[in-house]
There are 2 protein chains.
Amino acid sequence: MNASKEHILLVSLSLFLQKSFKEVTMKEIVEKTGLSKGAFYHYFSSKEELFIEIIRTYFLKIMKVDYSRFSKKSFRDFYCDYINYIISAFEKLKTELGDISDEDDINYFVLAFDAMRLFPGFKEEIKEVHASELASWEQAVSSGKASGEIRSDMTDRQIAGMFVYTNDGLGLRLIMEGRVKQMEQEMLTLWDSFYNQIKV
Amino acid sequence: MNASKEHILLVSLSLFLQKSFKEVTMKEIVEKTGLSKGAFYHYFSSKEELFIEIIRTYFLKIMKVDYSRFSKKSFRDFYCDYINYIISAFEKLKTELGDISDEDDINYFVLAFDAMRLFPGFKEEIKEVHASELASWEQAVSSGKASGEIRSDMTDRQIAGMFVYTNDGLGLRLIMEGRVKQMEQEMLTLWDSFYNQIKV
DNA sequence: ATATACATACCGACCGTTCGGTCTGTTTGT
DNA sequence: ACAAACAGACCGAACGGTCGGTATGTATAT
C-alpha cells in the first residue's frame, strides 16, 4: 500500500481510538498527517470511507483472533498464550501508531460503537466474531476436561463464558479508569485463581 | 423541578443513550422536545451544561447502587437481588424515557465515554464507584464463606471480580449484538453455574 | 376592581464559525 | 510529456449559540 495512504490510515486510527468519529475533524486529520486536504481526498473519497477502511483494515483484523495458534497441550497454556498474544498484538499496534498516541487514552470501544453506526453489517460481523471466539474457548475447555486437567459441573460453554466475559469486563474497567497497563497482570491473576478452582 | 426542563433532560438523555454527544444536534433536541431554541437556552446555558446535568442527575445516580439493600441472608440471594434490582431500575428508566427510545439501541457506554471527556472528574468518580462496588461484592462473598454457604481457595476479591467483570462483559456484548433483553436470563444462568461451583 | 410593574416561559430569525468536501493549480517522478 | 501526488483557496451547509420580542401570570399600588 502507498506510504502516504497508510500514514493517513494510521494517524486517523490513533485519533479514532481517542475520540468519536464526529469529534475527529478533517482539519485535525490533515494537520496531524502533515499533508493537505488535496492529498487526503486523493486517497479517500470521504471521511466515512476512511473510517470504514480503518475498521476493515485494522479493527476487524485484530478482532478476528486466530485461536488455532494457541497451545492445545493444556487449557492453562491456552489462556496464557491468549493473553500473551493479545498483549503483543497491542504492543505491535502501539509501535505502528508510534508516539502518536498515549497508551492511557486508547479506547477501542468508542471505535466499535462508531462502527456500529458507520460500518454496514458491523453488528452481524461482530456477532460472528463473538460466536467463534466463544466456540474456540469452549473447545479449549473441552480438551482440558477430556485430558483430565480440569473438572467441573459447569458446562464447557459456561466456563468459556467466564473467561471471555471477565476479559471484556476487566478491559472495560481498566480503560475507563485509565490503567490499561495493569490488564495483563490482573487478568492472569484472576484467571489463574479460577483455573485452580476447576483444576482436578 | 420545572416540567419543561425535566422534559428536555429526559428527551436529551434518550438521545445521548443512542448516539454520541457530537452526533446529537441542538436542532434534534429542539425538535424532539417540541420546544424552541429560546426555551432550551432559557433552562441551559449550553449543550455541554445540559450533558453534565444529565450525567449528574441520571447516570451517576444510577451507577451508585446502594448495595446495603440487597439480602445479607445468603450470597445467592445477594446476587439475585442485584440482578432484580438492576433489571427493575432499567425498566423504570425505560418508562421515564417513555416511548422515546427503542430498548435495543440503548447504549450507556457511549454516554460514559462522552462523560469521560465532558464531565470534569468523571474518571475519579467512576473509579470510586467501581471500588465500592467491588468492596460490596467482596463483603457478600465473605459473608457467604463465613456462613458456610460457599467455599473456595479463590480470595473473596477474586470471586467478587468474577461476578462484577462477567456482568460488565456480558452487558457489553449483548449491547453490541443488540440483544439486551437476554441479559437477565444469561447472567443468572452463568452466575448460578459458578455459584454451584463454589457452593459447599 | 383595575392599572402598573415586573418575572418567567417561550419563540424563531439570525449570527459567526466550523464542518466536510471541491476545485484549480503546482510539484514531482518516470 | 504525462500522470500521479500533493497544496490550499474556496464553497455551501450545518453547527451551537444569541437576541429582540411576545404571551402569560402574578404581585403591588391606588
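All chains are named by letter (A, B, ...) in the order of the sequence lines, taking the proteins before the strands, and each is independently numbered beginning at 1.
Straight-line distance from the OH atom of B:Tyr41 to the P atom of C:dC14: 19 Å, rounded to whole Å. When rounded to the nearest whole Å, the span between CD of B:Glu23 and P of D:dA14 equals 16 Å. In this structure, B:Lys47 places its NZ atom 19 Å from P of C:dT17, rounding to the nearest Å. Across the protein-nucleic acid pair, B:Ile29 atom CD1 and D:dG16 atom C1' stand 10 Å apart, rounded to whole Å. Atom pair B:Phe44:CZ and C:dC10:P shows a separation of 12 Å (rounding to whole Å applied). The interatomic distance linking B:Lys27 (NZ) with D:dG17 (P) rounds to 17 Å, in whole Å. Look at NZ on A:Lys22: it is 10 Å from P on C:dG21, rounded to the nearest Å. Here C:dG20 presents its C1' atom at 16 Å from CZ of A:Phe51, a figure rounded to the nearest Å.
Summarising the local packing, NZ of B:Lys123 is surrounded by more than 12 heavy atoms from other residues, nucleotides or ligands at distances under 6.0 Å.
Ion pair A:Lys64/A:Glu133 not flagged as a salt bridge, since none of the NZ, NE, NH1 or NH2 atoms sits closer than 4.0 Å to an Asp/Glu carboxylate oxygen. Of the charged side-chain nitrogens involved, at least one lies within less than 4.0 Å of a carboxylate oxygen, so that A:Lys94 and A:Glu91 count as a salt-bridged pair.
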Dump the pairs, protein N or O against N or O of nucleotides 6-11 of chain D, anything under 3.5 Å, distances to one decimal.
| residue | atom | partner | partner atom | Å |
| --- | --- | --- | --- | --- |
| D:dC6 | OP1 | A:Ser4 | OG | 3.1 |
| D:dC6 | OP2 | A:Ser4 | OG | 3.1 |
| D:dC6 | OP2 | A:Tyr43 | OH | 2.3 |
| D:dA7 | OP2 | A:Ser36 | N | 2.9 |
| D:dA7 | OP2 | A:Ser36 | OG | 3.1 |
| D:dG8 | O6 | A:Gly38 | N | 3.0 |

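For the pair B:Lys47 and B:Phe21, the cation-pi criterion (under 6.0 Å, within 45° of the ring axis) is fulfilled.
Side chains of A:Gln158 and A:Thr155: a donor-acceptor N/O pair is present below 3.5 angstrom, by distance only. Residues B:Glu53 and B:Tyr43 bring no donor and acceptor atom of their side chains to less than 3.5 Å of each other.
The 5' end of DNA chain C is approached more closely, in terms of each residue's nearest nucleotide, by A:Thr25 than by the other of A:Thr25 and A:Ser45.
Residue A:Val24 is classed as a sugar-phosphate contact, given heavy-atom separations below 4.0 Å to backbone atoms only.
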